[in-house]
Amino acid sequence: MADLATIANLVAPFFGLILLGFVIGRWQRLPEAGLVWLQFFLIYVALPPLFYRLIADKPVTELANGRFILATTLSTFLVFMLSLAVGLRATRGDLPQAVMQGVAGSYSNIGYMGPPLLLAALGPGASAPLVLIFVFDSLLLFSIIPFLMALAGVEKKSPLDTARQVAWQVATHPFNVATLLGILASATHFELPSVLDKMTLWLAQAAAPCALFLLGVTVALRPMKTLPAEVPVLVAIKLVLHPLLIWVLLSAIGNFPDIWIFTGVIMAALPPALNIFMISTQYRVGIDRASACILIGTVVSMVSLTGFLWLVKTGRMAADLFP
């Protein structure tokens, strides 16, 4: 019980900040437009320094792990396709709606919740696999989504224009730019001047609490009107099947450090990302379903994520399923 209490104390502040945002969002009912600046601060100001600092002091050779990238990205792709199939069945072939459900069943809160939780739970050794999962999961999903939306006719663009848009979005995304700068800093052993080092440290430390608070407020301002029948299935895929699939694939490929395998499992066990809501708002598709998936997924993950962390921290989950 002591181990479980320790894990609960580790996870509780993260969900506590989400709950705080939710309660204040329901209580104050401030205009939703005010969240735009906080979103901008997170995406363009606070989170890029966090990813830069996670990677800048890592040897480049530690990041060149194609087998790990293959296993984790393939896992995300497989659960995306399964969730997409669930969405197509639930919506009777409505592809735009199903795409949102595919994202809900596969895209973890790897940007906002992943870094602070994984570093607190597993230590600095988790930072390299954490960054790899974030970069390549994001590359995968933010390439698939515009393509499928163009295929469904939501975006009136030619395949070439869609490809150009995807390439531009990937190349200029602040997280990817920060990651690239971190890799260059690692390769050249570059160190930031003390002033910039202190500023990026403060910004990185501000990212997690602001992001979790924003998640709570966003859910509060988008109350769930009904529970779509497919949401429990999508939540089970996201919170249970996804981490188990990554565990199996990493074990099958083999020869990874234990902390890399556990990082993959915990990253996959994180609740659905707030980005799902932002994407659904951008395309004006499935907003209510996105809100339901985020709310239910976050609540259920309080138990499921704690359970996976307990299995990892107590040694009850072997790092290698096929020793």
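Computation of the quantities below employed the complete heavy-atom set of this structure, encompassing side-chain atoms and omitting hydrogens, waters and symmetry-equivalent molecules.
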* To do: Please check if atom CD in Gln205 has more than 12 non-hydrogen atoms from other residues, nucleotides or ligands closer than 6.0 Å.
  => yes
* Step by step, would you call Lys238 with Val79 a side-chain contact (heavy atoms from CB on, under 4.5 Å)? -> CA-CA 8 Å; Lys238 177 71 219 65; Val79 294; over 6 Å; no
* To do: Decide yes or no on side-chain contact (heavy atoms from CB on, under 4.5 Å) for Val45 and Leu203, but give the supporting numbers first.
  => CA-CA 7 Å; Val45 182; Leu203 289 171; 3.7 Å; yes
* Applying the 4.5 Å side-chain criterion to the ILVMFWY set and letting contacts propagate, would Leu88 and Met100 be lumped into a single cluster? -> yes
* To do: Measure the acute angle between the ring planes of Phe40 and Tyr44, then classify it against the limits of 30° and 60° as parallel, tilted or perpendicular.
  => parallel
* Quick one: does Leu84's side chain get under 4.5 Å of Leu95's, heavy atoms only? -> yes
* Structure fact -> Closest non-hydrogen contact found for Leu130 with Thr263 is N-CG2, 3.8 Å
* To do: Check whether any side-chain heavy atom of Leu305 lies under 4.5 Å from a side-chain heavy atom of Phe14, and answer yes or no.
  => no
* Going from CZ on Arg67 to CG on Leu249, what distance comes out if it is rounded to the nearest 0.5 angstrom? -> 12.5 Å
* Answer yes if Met302 and Met113 sit in the same cluster of Ile, Leu, Val, Met, Phe, Trp and Tyr residues linked by side chain heavy atoms under 4.5 Å apart, and no otherwise. => yes
* Asked: Would a 4.5 Å heavy-atom cut-off, applied to side chains only, mark Ile261 and Ile246 as touching?
  -> no
* Structure fact -> Heavy-atom nearest pair, Pro243 first then Val265, reads CB-O, 3.4 Å
* Asked: With clusters built from Ile, Leu, Val, Met, Phe, Trp and Tyr whose side-chain heavy atoms come within less than 4.5 Å, directly or transitively, what are the remaining members of the cluster of Leu19, listed by chain and number?
  -> Val23
* How would you list all residue pairs meeting side-chain hydrogen bond (donor to acceptor under 3.5 Å, both in side chains) that involve residues 123-138, not counting sequence neighbours? -> Lys58-Ser127, Thr76-Asp137, Tyr107-Ser138
* To do: Decide yes or no for Leu117 and Leu270: does some side-chain heavy atom of the first lie under 4.5 Å from some side-chain heavy atom of the second?
  => yes
* Asked: For Pro48 and Pro174, which heavy atoms make the closest approach, and how far apart are they?
  -> CG-CB, 3.8 Å
* Pairwise side-chain contact, Leu215 with Ile294, heavy-atom cut-off 4.5 Å (strictly under) -> yes
* To do: Give, for atom OG1 of Thr73 and atom CZ of Phe136, the distance between the pair rounded to the nearest 0.5 Å.
  => 7.0 Å
* To do: Find the distance between CG (Leu140) and OG (Ser106) and round it off to the nearest 0.5 Å.
  => 7.5 Å
* Leu201 vs Arg53, side-chain contact (heavy atoms from CB on, under 4.5 Å): CA-CA, chis, key distance, verdict -> CA-CA 8 Å; Leu201 175 61; Arg53 294 182 68 89; 3.8 Å; yes
* To do: Decide whether Leu139 and Leu181 are clustered together by the hydrophobic rule: side chain heavy atoms of Ile, Leu, Val, Met, Phe, Trp, Tyr closer than 4.5 Å, transitively.
  => no
* State whether the number of non-hydrogen atoms from other residues, nucleotides or ligands found under 6.0 Å of Phe77 atom CZ is greater than 12. => no
* Shortest non-hydrogen contact from Pro49 toward Ala204 -> C-CB, 4.3 Å
* **Side-chain donor or acceptor of Ser251 paired with backbone N/O of Trp247 under 3.5 Å** => yes
* **Qualifying side-chain hydrogen bond (donor to acceptor under 3.5 Å, both in side chains) pairs, either residue in residues 295-308, two or more places apart** => none
* **Path from Val248 to Ile253 over hydrophobic side-chain contacts below 4.5 Å** => yes
* Enclosure of Arg89 CZ (heavy-atom neighbours >12, cutoff 6.0 Å) -> no
* To do: Check whether any side-chain heavy atom of Phe256 sits under 4.5 Å from a side-chain heavy atom of Asn65, and report yes or no.
  => yes
* Asked: How many angstroms lie between CG in Leu20 and CG in Leu212, if you round to the nearest 0.5 Å?
  -> 10.5 Å
* To do: Looking only at non-hydrogen atoms, find the nearest pair between Gly102 and Ser83 and report the distance.
  => CA-CB, 3.6 Å
* **Nearest atoms (heavy-atom pairs only) where Thr314 meets Leu311** => OG1-O, 3.7 Å
* Met81, Leu244: one ILVMFWY side-chain cluster at the under-4.5 Å cut-off? -> yes
* To do: Evaluate the side-chain contact (heavy atoms from CB on, under 4.5 Å) criterion for residues Val103 and Phe80: first the C-alpha distance (whole Å), next the side-chain angles of each, then the deciding distance (0.1 Å), finally the verdict.
  => CA-CA 6 Å; Val103 178; Phe80 173 84; 4.0 Å; yes
* **4.5 Å side-chain heavy-atom contact, Thr6 and Lys313** => no
* Under a 4.5 Å cut-off applied to non-hydrogen side-chain atoms, are Thr200 and Tyr52 in contact? -> no
* Asked: For the atom pair CG (Leu42) and CZ (Phe213), what is the distance rounded to the nearest 0.5 Å?
  -> 11.5 Å
* Rounded to the nearest 0.5 Å, what separation is found between the CE atom of Met267 and the CG atom of Leu132? -> 9.5 Å
* Look at atom CG of Asn255 and say whether more than 12 heavy atoms of other residues, nucleotides or ligands are closer to it than 6.0 Å. => no
